[in-house]
Protein chains: 2
Amino acid sequence: MLRLSKLTDYAVVVMVQLSRQTRTAAGGEGGVSTAPCLAQATGIPEPTVAKVLKALAASGLVSSQRGARGGYRLARALSAVAIAEVITAIDGPISMTACVDGATGGCEAQTCCPIRGRWDPVNDAIRATLSSITLDSMDKAFDRLQMPHAPSAEAPAGAPPGAPVHAVVNSQRTKSASLAAE
Amino acid sequence: MLRLSKLTDYAVVVMVQLSRQTRTAAGGEGGVSTAPCLAQATGIPEPTVAKVLKALAASGLVSSQRGARGGYRLARALSAVAIAEVITAIDGPISMTACVDGATGGCEAQTCCPIRGRWDPVNDAIRATLSSITLDSMDKAFDRLQMPHAPSAEAPAGAPPGAPVHAVVNSQRTKSASLAAE
DNA sequence: CCGAAACCGTACAATTCCGGTCCGGTTCCT
DNA sequence: AGGAACCGGACCGGAATTGTACGGTTTCGG
(Lines give C-alpha, C1' and ligand atoms only; values in the text may rest on other atoms or scores of the structure.)
Protein backbone atom coordinates (compact mmCIF):
# COMPACT_ATOMS: atom_id res chain seq x y z
CA MET A 1 0.00 0.00 0.00
CA LEU A 2 3.08 2.17 -0.01
CA ARG A 3 2.32 3.99 3.17
CA LEU A 4 4.26 7.08 3.84
CA SER A 5 4.35 8.17 7.41
CA LYS A 6 1.81 10.54 8.79
CA LEU A 7 4.59 12.88 9.78
CA THR A 8 5.46 13.39 6.14
CA ASP A 9 1.90 14.28 5.44
CA TYR A 10 2.02 16.83 8.21
CA ALA A 11 5.27 18.17 6.88
CA VAL A 12 3.69 19.02 3.57
CA VAL A 13 0.79 20.72 5.25
CA VAL A 14 3.08 22.67 7.51
CA MET A 15 5.29 23.83 4.71
CA VAL A 16 2.37 24.99 2.62
CA GLN A 17 0.91 26.79 5.58
CA LEU A 18 4.27 28.30 6.37
CA SER A 19 4.53 29.59 2.85
CA ARG A 20 1.16 31.28 3.12
CA GLN A 21 1.78 32.86 6.47
CA THR A 22 5.18 34.24 5.68
CA ARG A 23 4.01 35.46 2.33
CA THR A 24 0.95 37.34 3.53
CA ALA A 25 2.63 38.41 6.74
CA ALA A 26 -0.55 37.55 8.57
CA GLY A 27 0.39 34.98 11.15
CA GLY A 28 4.01 35.84 11.52
CA GLU A 29 5.57 39.19 11.93
CA GLY A 30 7.48 39.89 8.80
CA GLY A 31 8.69 36.64 7.34
CA VAL A 32 8.75 34.11 10.12
CA SER A 33 6.08 32.03 11.74
CA THR A 34 6.20 30.16 15.01
CA ALA A 35 5.47 26.55 15.66
CA PRO A 36 2.45 27.26 17.89
CA CYS A 37 1.00 29.52 15.26
CA LEU A 38 1.38 26.90 12.59
CA ALA A 39 -0.08 24.31 14.89
CA GLN A 40 -3.20 26.31 15.41
CA ALA A 41 -3.59 27.12 11.75
CA THR A 42 -3.26 23.54 10.64
CA GLY A 43 -4.99 21.75 13.49
CA ILE A 44 -1.95 19.58 14.13
CA PRO A 45 -0.87 19.30 17.79
CA GLU A 46 1.89 21.68 18.72
CA PRO A 47 4.57 19.20 19.76
CA THR A 48 4.12 17.31 16.55
CA VAL A 49 4.46 20.47 14.51
CA ALA A 50 7.61 21.30 16.39
CA LYS A 51 9.01 17.87 15.68
CA VAL A 52 8.25 18.14 12.00
CA LEU A 53 9.69 21.61 11.80
CA LYS A 54 12.85 20.44 13.47
CA ALA A 55 13.37 17.64 10.99
CA LEU A 56 12.68 20.03 8.16
CA ALA A 57 15.20 22.48 9.54
CA ALA A 58 17.80 19.74 9.91
CA SER A 59 17.47 19.01 6.22
CA GLY A 60 17.65 22.64 5.26
CA LEU A 61 14.16 22.88 3.88
CA VAL A 62 13.28 25.57 6.37
CA SER A 63 15.52 27.93 8.29
CA SER A 64 15.01 28.60 11.96
CA GLN A 65 15.58 31.70 14.00
CA ARG A 66 16.04 31.24 17.69
CA GLY A 67 15.17 33.43 20.58
CA ALA A 68 12.16 35.59 21.19
CA ARG A 69 10.49 36.73 18.02
CA GLY A 70 12.05 33.72 16.43
CA GLY A 71 10.36 31.26 14.17
CA TYR A 72 10.67 29.40 10.93
CA ARG A 73 10.97 30.49 7.36
CA LEU A 74 10.97 28.60 4.09
CA ALA A 75 14.46 28.19 2.73
CA ARG A 76 13.15 28.04 -0.80
CA ALA A 77 9.91 28.71 -2.63
CA LEU A 78 7.39 25.90 -2.71
CA SER A 79 7.91 25.49 -6.42
CA ALA A 80 11.55 24.66 -5.78
CA VAL A 81 10.88 21.91 -3.26
CA ALA A 82 10.16 18.41 -4.50
CA ILE A 83 8.11 16.14 -2.31
CA ALA A 84 10.95 13.69 -2.50
CA GLU A 85 12.97 16.11 -0.39
CA VAL A 86 10.25 16.33 2.21
CA ILE A 87 9.90 12.58 2.39
CA THR A 88 13.63 12.16 2.70
CA ALA A 89 13.76 14.76 5.45
CA ILE A 90 11.11 13.03 7.53
CA ASP A 91 11.28 9.36 6.67
CA GLY A 92 14.83 8.97 5.53
CA PRO A 93 15.98 7.84 2.11
CA ILE A 94 13.33 6.70 -0.31
CA SER A 95 13.39 2.98 -0.80
CA MET A 96 10.93 0.21 -0.52
CA THR A 97 12.69 -2.88 0.70
CA ALA A 98 15.47 -1.90 3.07
CA CYS A 99 17.57 -4.46 1.24
CA VAL A 100 19.12 -1.70 -0.79
CA ASP A 101 22.69 -0.57 -0.89
CA GLY A 102 24.95 -2.42 1.47
CA ALA A 103 22.43 -3.30 4.13
CA THR A 104 25.14 -4.46 6.45
CA GLY A 105 23.67 -6.83 8.92
CA GLY A 106 20.52 -7.90 7.16
CA CYS A 107 20.40 -10.68 4.63
CA GLU A 108 23.93 -11.83 5.20
CA ALA A 109 23.25 -14.99 3.26
CA GLN A 110 23.28 -13.54 -0.22
CA THR A 111 23.05 -16.90 -1.83
CA CYS A 112 19.70 -17.61 -0.29
CA CYS A 113 18.17 -14.17 -0.30
CA PRO A 114 16.69 -13.92 -3.75
CA ILE A 115 15.71 -10.29 -3.54
CA ARG A 116 19.01 -8.53 -3.27
CA GLY A 117 18.99 -5.54 -5.53
CA ARG A 118 15.84 -6.64 -7.19
CA TRP A 119 13.88 -3.57 -6.26
CA ASP A 120 16.56 -1.13 -7.25
CA PRO A 121 15.02 -0.14 -10.60
CA VAL A 122 11.71 0.30 -8.85
CA ASN A 123 13.25 2.48 -6.21
CA ASP A 124 14.94 4.61 -8.82
CA ALA A 125 11.74 5.04 -10.77
CA ILE A 126 9.81 6.02 -7.67
CA ARG A 127 12.49 8.42 -6.65
CA ALA A 128 12.45 10.08 -10.04
CA THR A 129 8.69 10.38 -9.93
CA LEU A 130 8.71 11.93 -6.50
CA SER A 131 11.43 14.34 -7.48
CA SER A 132 9.38 15.68 -10.36
CA ILE A 133 6.49 16.85 -8.23
CA THR A 134 6.88 20.05 -6.27
CA LEU A 135 5.00 21.32 -3.30
CA ASP A 136 3.27 24.17 -5.04
CA SER A 137 1.40 21.74 -7.26
CA MET A 138 -0.07 20.24 -4.13
CA ASP A 139 -0.87 23.71 -2.91
CA LYS A 140 -2.75 24.35 -6.12
CA ALA A 141 -4.74 21.16 -5.67
CA PHE A 142 -5.56 22.36 -2.21
CA ASP A 143 -7.00 25.60 -3.46
CA ARG A 144 -9.16 23.82 -5.93
CA LEU A 145 -10.62 21.61 -3.25
CA GLN A 146 -11.38 24.46 -0.91
CA MET A 147 -13.38 26.34 -3.52
CA PRO A 148 -16.81 24.72 -3.13
CA HIS A 149 -17.31 25.35 0.57
CA ALA A 150 -15.58 28.36 1.91
CA PRO A 151 -13.82 31.08 -0.02
CA SER A 152 -11.21 31.59 2.65
CA ALA A 153 -11.66 28.78 5.14
CA GLU A 154 -8.01 27.94 5.46
CA ALA A 155 -7.61 30.73 7.97
CA PRO A 156 -4.70 32.72 6.63
CA ALA A 157 -4.93 35.00 9.65
CA GLY A 158 -3.36 34.01 12.93
CA ALA A 159 -6.25 31.99 14.24
CA PRO A 160 -9.89 31.34 13.58
CA PRO A 161 -11.61 32.64 16.74
CA GLY A 162 -13.44 29.56 17.91
CA ALA A 163 -11.43 26.94 16.10
CA PRO A 164 -12.13 23.76 18.01
CA VAL A 165 -11.10 21.84 14.95
CA HIS A 166 -8.19 19.82 16.18
CA ALA A 167 -6.70 16.43 15.84
CA VAL A 168 -9.37 15.23 13.47
CA VAL A 169 -6.66 14.61 10.97
CA ASN A 170 -5.12 11.87 13.03
CA SER A 171 -8.20 9.87 13.85
CA GLN A 172 -8.31 6.98 11.43
CA ARG A 173 -6.41 6.96 8.25
CA THR A 174 -4.89 3.67 7.35
CA LYS A 175 -8.07 1.67 7.57
CA SER A 176 -9.80 2.47 4.35
CA ALA A 177 -7.15 1.03 2.11
CA SER A 178 -7.19 -2.39 3.65
CA LEU A 179 -10.89 -3.00 3.48
CA ALA A 180 -11.04 -2.06 -0.14
CA ALA A 181 -9.20 -5.01 -1.60
CA GLU A 182 -8.11 -7.48 0.99
CA MET B 1 10.66 5.71 3.46
CA LEU B 2 7.83 4.30 1.39
CA ARG B 3 7.87 0.89 2.90
CA LEU B 4 6.03 -1.81 1.10
CA SER B 5 5.10 -4.78 3.15
CA LYS B 6 7.36 -7.76 3.45
CA LEU B 7 4.59 -9.93 2.15
CA THR B 8 4.73 -8.14 -1.18
CA ASP B 9 8.42 -8.80 -1.35
CA TYR B 10 7.74 -12.45 -0.73
CA ALA B 11 5.06 -12.44 -3.36
CA VAL B 12 7.52 -11.35 -6.01
CA VAL B 13 9.99 -14.00 -4.99
CA VAL B 14 7.33 -16.66 -4.96
CA MET B 15 6.02 -15.74 -8.37
CA VAL B 16 9.46 -15.74 -9.91
CA GLN B 17 10.22 -19.07 -8.33
CA LEU B 18 6.89 -20.41 -9.45
CA SER B 19 7.66 -19.37 -12.98
CA ARG B 20 10.94 -21.23 -12.89
CA GLN B 21 9.58 -24.39 -11.40
CA THR B 22 6.61 -24.70 -13.68
CA ARG B 23 8.70 -23.86 -16.70
CA THR B 24 11.46 -26.35 -16.12
CA ALA B 25 9.11 -28.95 -14.67
CA ALA B 26 11.67 -29.59 -12.02
CA GLY B 27 9.99 -28.88 -8.72
CA GLY B 28 6.45 -29.47 -9.79
CA GLU B 29 5.08 -32.23 -11.92
CA GLY B 30 4.02 -30.78 -15.17
CA GLY B 31 2.98 -27.22 -14.69
CA VAL B 32 2.01 -26.80 -11.09
CA SER B 33 3.99 -26.32 -7.94
CA THR B 34 2.87 -26.71 -4.36
CA ALA B 35 3.15 -24.25 -1.56
CA PRO B 36 5.53 -26.45 0.50
CA CYS B 37 7.77 -26.90 -2.49
CA LEU B 38 7.93 -23.16 -3.10
CA ALA B 39 8.54 -22.58 0.56
CA GLN B 40 11.55 -24.82 0.56
CA ALA B 41 12.95 -23.38 -2.64
CA THR B 42 12.67 -19.81 -1.47
CA GLY B 43 13.42 -20.23 2.20
CA ILE B 44 10.21 -18.55 3.21
CA PRO B 45 8.17 -20.30 5.92
CA GLU B 46 5.42 -22.47 4.54
CA PRO B 47 2.41 -20.78 6.15
CA THR B 48 3.58 -17.45 4.86
CA VAL B 49 3.99 -18.80 1.37
CA ALA B 50 0.53 -20.23 1.55
CA LYS B 51 -0.87 -16.93 2.64
CA VAL B 52 0.86 -15.09 -0.17
CA LEU B 53 -0.25 -17.62 -2.71
CA LYS B 54 -3.79 -17.36 -1.51
CA ALA B 55 -3.85 -13.60 -1.93
CA LEU B 56 -2.27 -13.95 -5.34
CA ALA B 57 -4.90 -16.46 -6.37
CA ALA B 58 -7.68 -14.23 -5.14
CA SER B 59 -6.44 -11.51 -7.45
CA GLY B 60 -6.11 -13.84 -10.39
CA LEU B 61 -2.37 -13.57 -10.70
CA VAL B 62 -1.97 -17.29 -10.13
CA SER B 63 -4.46 -20.07 -10.63
CA SER B 64 -4.90 -22.82 -8.09
CA GLN B 65 -5.73 -26.44 -8.49
CA ARG B 66 -7.18 -28.15 -5.49
CA GLY B 67 -6.94 -31.70 -4.36
CA ALA B 68 -4.07 -34.12 -4.39
CA ARG B 69 -1.48 -33.32 -7.03
CA GLY B 70 -2.83 -29.80 -6.87
CA GLY B 71 -0.80 -26.66 -6.70
CA TYR B 72 -0.39 -23.26 -8.20
CA ARG B 73 0.35 -22.06 -11.67
CA LEU B 74 1.05 -18.63 -13.07
CA ALA B 75 -1.98 -17.16 -14.76
CA ARG B 76 0.21 -15.10 -17.06
CA ALA B 77 3.83 -14.91 -18.04
CA LEU B 78 6.09 -12.84 -15.81
CA SER B 79 6.52 -10.30 -18.57
CA ALA B 80 2.80 -9.64 -18.50
CA VAL B 81 2.57 -8.97 -14.79
CA ALA B 82 3.32 -5.51 -13.49
CA ILE B 83 4.56 -5.18 -9.96
CA ALA B 84 1.70 -2.79 -9.39
CA GLU B 85 -0.60 -5.77 -9.68
CA VAL B 86 1.35 -7.74 -7.14
CA ILE B 87 1.37 -4.87 -4.71
CA THR B 88 -2.33 -4.36 -5.16
CA ALA B 89 -2.98 -8.04 -4.62
CA ILE B 90 -1.10 -8.13 -1.34
CA ASP B 91 -1.34 -4.68 0.13
CA GLY B 92 -4.49 -3.36 -1.42
CA PRO B 93 -4.80 -0.37 -3.69
CA ILE B 94 -1.70 1.69 -4.22
CA SER B 95 -1.93 4.96 -2.41
CA MET B 96 0.15 6.77 0.10
CA THR B 97 -2.23 8.57 2.38
CA ALA B 98 -5.42 6.53 2.64
CA CYS B 99 -7.17 9.86 2.39
CA VAL B 100 -7.87 9.13 -1.23
CA ASP B 101 -11.19 8.52 -2.92
CA GLY B 102 -14.13 8.72 -0.62
CA ALA B 103 -12.45 7.56 2.54
CA THR B 104 -15.79 7.24 4.27
CA GLY B 105 -15.23 7.52 7.95
CA GLY B 106 -11.87 9.17 8.06
CA CYS B 107 -11.36 12.88 7.86
CA GLU B 108 -15.02 13.74 7.98
CA ALA B 109 -14.19 17.36 8.58
CA GLN B 110 -13.15 18.30 5.09
CA THR B 111 -12.93 21.93 5.96
CA CYS B 112 -10.15 21.35 8.44
CA CYS B 113 -8.31 18.49 6.76
CA PRO B 114 -5.96 20.28 4.44
CA ILE B 115 -4.70 17.19 2.73
CA ARG B 116 -7.79 15.92 0.98
CA GLY B 117 -6.87 14.97 -2.53
CA ARG B 118 -3.55 16.59 -2.24
CA TRP B 119 -1.61 13.43 -2.85
CA ASP B 120 -3.74 12.29 -5.74
CA PRO B 121 -1.29 13.36 -8.46
CA VAL B 122 1.48 11.69 -6.53
CA ASN B 123 -0.49 8.51 -6.21
CA ASP B 124 -1.27 8.50 -9.90
CA ALA B 125 2.35 9.03 -10.82
CA ILE B 126 3.51 6.25 -8.54
CA ARG B 127 0.86 3.96 -9.87
CA ALA B 128 1.92 4.64 -13.43
CA THR B 129 5.53 4.00 -12.56
CA LEU B 130 4.76 0.74 -10.86
CA SER B 131 2.58 -0.37 -13.73
CA SER B 132 5.41 0.05 -16.19
CA ILE B 133 7.73 -2.42 -14.50
CA THR B 134 7.08 -6.11 -14.99
CA LEU B 135 8.19 -9.05 -12.96
CA ASP B 136 10.52 -10.50 -15.54
CA SER B 137 12.72 -7.43 -15.34
CA MET B 138 13.22 -8.21 -11.70
CA ASP B 139 13.91 -11.80 -12.61
CA LYS B 140 16.63 -10.61 -14.95
CA ALA B 141 18.19 -8.53 -12.23
CA PHE B 142 18.14 -11.62 -10.08
CA ASP B 143 20.11 -13.64 -12.61
CA ARG B 144 22.72 -10.97 -12.86
CA LEU B 145 23.24 -10.94 -9.16
CA GLN B 146 23.55 -14.68 -8.85
CA MET B 147 26.26 -14.91 -11.49
CA PRO B 148 29.35 -14.20 -9.40
CA HIS B 149 28.92 -16.94 -6.84
CA ALA B 150 27.16 -20.05 -7.98
CA PRO B 151 26.19 -20.96 -11.52
CA SER B 152 23.00 -22.69 -10.42
CA ALA B 153 22.61 -21.96 -6.76
CA GLU B 154 18.94 -21.18 -6.91
CA ALA B 155 18.15 -24.87 -6.67
CA PRO B 156 15.86 -25.48 -9.62
CA ALA B 157 15.47 -29.10 -8.59
CA GLY B 158 13.00 -30.05 -5.93
CA ALA B 159 15.30 -29.59 -3.00
CA PRO B 160 18.97 -29.10 -2.33
CA PRO B 161 19.97 -32.21 -0.34
CA GLY B 162 21.20 -30.63 2.82
CA ALA B 163 19.51 -27.27 2.49
CA PRO B 164 19.47 -25.91 5.99
CA VAL B 165 19.04 -22.47 4.51
CA HIS B 166 15.75 -21.42 5.95
CA ALA B 167 14.09 -18.43 7.41
CA VAL B 168 17.17 -16.34 7.06
CA VAL B 169 15.21 -14.05 4.83
CA ASN B 170 12.80 -13.18 7.57
CA SER B 171 15.25 -12.51 10.32
CA GLN B 172 15.96 -8.82 10.14
CA ARG B 173 14.92 -6.72 7.25
CA THR B 174 13.22 -3.58 8.30
CA LYS B 175 16.03 -2.47 10.49
CA SER B 176 18.65 -1.34 8.05
CA ALA B 177 16.53 1.36 6.48
CA SER B 178 15.91 3.13 9.71
CA LEU B 179 19.46 3.33 10.82
CA ALA B 180 20.56 4.71 7.52
CA ALA B 181 19.19 8.21 7.91
CA GLU B 182 17.10 8.63 10.97
C1' DC C 1 20.11 43.79 33.52
C1' DC C 2 16.47 40.62 33.77
C1' DG C 3 12.41 38.20 32.14
C1' DA C 4 9.94 36.06 28.54
C1' DA C 5 9.51 33.73 24.19
C1' DA C 6 10.87 30.40 21.18
C1' DC C 7 13.72 26.87 19.47
C1' DC C 8 16.64 22.55 20.69
C1' DG C 9 17.57 17.85 21.99
C1' DT C 10 16.44 13.87 24.14
C1' DA C 11 13.73 10.45 26.28
C1' DC C 12 9.48 8.08 27.12
C1' DA C 13 4.71 5.92 27.10
C1' DA C 14 0.81 4.44 24.37
C1' DT C 15 -1.24 2.87 20.37
C1' DT C 16 -1.66 0.88 16.09
C1' DC C 17 -0.30 -2.14 12.58
C1' DC C 18 2.18 -5.94 10.48
C1' DG C 19 4.14 -10.44 10.43
C1' DG C 20 3.60 -15.10 11.34
C1' DT C 21 0.97 -19.13 12.94
C1' DC C 22 -2.79 -22.31 13.48
C1' DC C 23 -7.16 -24.36 13.02
C1' DG C 24 -11.03 -26.98 10.82
C1' DG C 25 -13.16 -27.63 6.37
C1' DT C 26 -13.42 -28.80 1.38
C1' DT C 27 -11.89 -30.54 -2.94
C1' DC C 28 -9.71 -33.73 -5.81
C1' DC C 29 -6.50 -37.41 -7.39
C1' DT C 30 -4.64 -42.14 -6.46
C1' DA D 1 -11.55 -44.95 0.87
C1' DG D 2 -7.58 -42.41 1.89
C1' DG D 3 -4.37 -38.90 1.53
C1' DA D 4 -2.69 -34.52 -0.28
C1' DA D 5 -3.31 -29.97 -1.06
C1' DC D 6 -5.84 -25.73 -1.12
C1' DC D 7 -9.35 -22.57 1.44
C1' DG D 8 -11.05 -19.40 4.77
C1' DG D 9 -11.07 -17.64 8.87
C1' DA D 10 -9.19 -16.01 13.43
C1' DC D 11 -5.44 -15.40 16.74
C1' DC D 12 -1.27 -13.76 19.10
C1' DG D 13 3.20 -11.63 19.56
C1' DG D 14 6.45 -8.12 18.34
C1' DA D 15 7.76 -4.00 16.29
C1' DA D 16 7.42 0.41 14.46
C1' DT D 17 5.25 4.76 14.48
C1' DT D 18 2.89 8.25 16.88
C1' DG D 19 2.32 11.61 20.11
C1' DT D 20 3.91 13.78 24.36
C1' DA D 21 6.90 15.76 27.93
C1' DC D 22 10.88 17.91 30.07
C1' DG D 23 15.00 20.54 30.77
C1' DG D 24 18.33 23.49 28.41
C1' DT D 25 19.93 27.31 25.43
C1' DT D 26 19.52 31.34 22.68
C1' DT D 27 17.80 35.81 21.73
C1' DC D 28 14.83 39.88 21.95
C1' DG D 29 12.29 43.36 24.62
C1' DG D 30 11.54 46.25 28.46
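None of the values given here were measured: they were computed from a predicted structure. Naming: A, B, ... by sequence-line order, numbering from 1 per chain.
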Nearest-neighbour nucleotide for the [X] side chain, [options] considered:
{"X": "A:Pro45", "options": "D:dT20, C:dG20, D:dT27", "result": "D:dT20"}
{"X": "A:Ala35", "options": "C:dA5, C:dC7, D:dG29", "result": "C:dC7"}
{"X": "A:Lys6", "options": "D:dC7, D:dC28, D:dT18", "result": "D:dT18"}
{"X": "A:Pro47", "options": "D:dT20, C:dC28, C:dG20", "result": "D:dT20"}
{"X": "A:Thr48", "options": "D:dT20, C:dA5, D:dT18", "result": "D:dT20"}
{"X": "A:Arg66", "options": "D:dG8, C:dG20, D:dT25", "result": "D:dT25"}

Within the pair [X] and [N], is there a side-chain N or O less than 4.0 Å away from OP1 or OP2?
{"X": "A:Thr34", "N": "C:dC7", "answer": "no"}
{"X": "A:Arg3", "N": "C:dC18", "answer": "yes"}
{"X": "B:Ser64", "N": "D:dC7", "answer": "yes"}
{"X": "B:Tyr10", "N": "C:dG19", "answer": "no"}
{"X": "A:Tyr72", "N": "C:dC8", "answer": "yes"}

So [X], base contact, sugar-phosphate only, or nothing? Heavy-atom distance under 4.0 Å.
{"X": "A:Leu53", "value": "nothing"}
{"X": "B:Ala50", "value": "nothing"}
{"X": "A:Ala57", "value": "nothing"}

Legend entry - Derivation of the side chain to side chain contact (heavy atoms under 4.5 Å, CB included) call for A:Ile90 and A:Tyr10: CA-CA 10 Å; A:Ile90 304 292; A:Tyr10 292 162; over 6 Å; no
What is the separation between atom [atom1] on [X] and atom [atom2] on [N], rounded to the nearest whole Å?
{"X": "B:Glu46", "N": "D:dA5", "atom1": "CD", "atom2": "P", "answer": "10 Å"}
{"X": "A:Lys54", "N": "D:dT25", "atom1": "NZ", "atom2": "P", "answer": "16 Å"}
{"X": "A:Arg73", "N": "C:dA6", "atom1": "CZ", "atom2": "P", "answer": "16 Å"}
{"X": "B:Ile90", "N": "C:dG19", "atom1": "CD1", "atom2": "P", "answer": "10 Å"}
{"X": "B:Arg69", "N": "C:dC28", "atom1": "CZ", "atom2": "P", "answer": "17 Å"}
{"X": "A:Leu38", "N": "C:dC7", "atom1": "CG", "atom2": "C1'", "answer": "13 Å"}
{"X": "A:Gln65", "N": "C:dC7", "atom1": "CD", "atom2": "P", "answer": "10 Å"}
{"X": "B:Ile44", "N": "C:dG20", "atom1": "CD1", "atom2": "P", "answer": "9 Å"}

Legend entry - Distance, nearest 0.5 Å, that separates NZ of B:Lys51 from CD1 of B:Ile44: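 One finds 13.0 Å between NZ of B:Lys51 and CD1 of B:Ile44.
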Inset, instruction - Determine yes or no for a side-chain-to-main-chain donor-acceptor pair under 3.5 angstrom, with A:Thr129 supplying the side chain and A:Ala125 the backbone. - result: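 Yes.
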Legend entry - Side-chain donor or acceptor of A:Arg73 paired with backbone N/O of A:Thr22 under 3.5 Å: no
Inset, instruction - Evaluate the criterion side chain to side chain contact (heavy atoms under 4.5 Å, CB included) for residue pair B:Leu4 and A:Trp119; output intermediate values, then yes/no. - result: CA-CA 11 Å; B:Leu4 58 78; A:Trp119 291 94; 3.8 Å; yes
Inset, instruction - List in chain and number order the residues that pass salt bridge (charged side-chain N to carboxylate O under 4.0 Å, His left out) with A:Arg76, two or more places apart in sequence or in another chain; answer none if no residue qualifies. - result: A:Glu85
Legend entry - Option among B:Val16, B:Ile83, B:Leu78 that satisfies the side-chain contact (heavy atoms from CB on, under 4.5 Å) test with B:Met138: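 Result for side-chain contact (heavy atoms from CB on, under 4.5 Å) with B:Met138: B:Ile83.
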Inset, instruction - Sequence neighbours left out, what pairs pass side chain to side chain donor-acceptor pair (under 3.5 Å) with at least one residue falling in residues 55-64 of chain A? - result: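 Found none.
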Legend entry - Presence of donor-acceptor pair under 3.5 Å, side chain of B:Lys51 and base of C:dG19: no
Inset, instruction - Compute the bend angle of the helix from C:dC1-D:dG30 to C:dT30-D:dA1 from the end axes (five pairs per end), rounded to 10°. - result: 10°
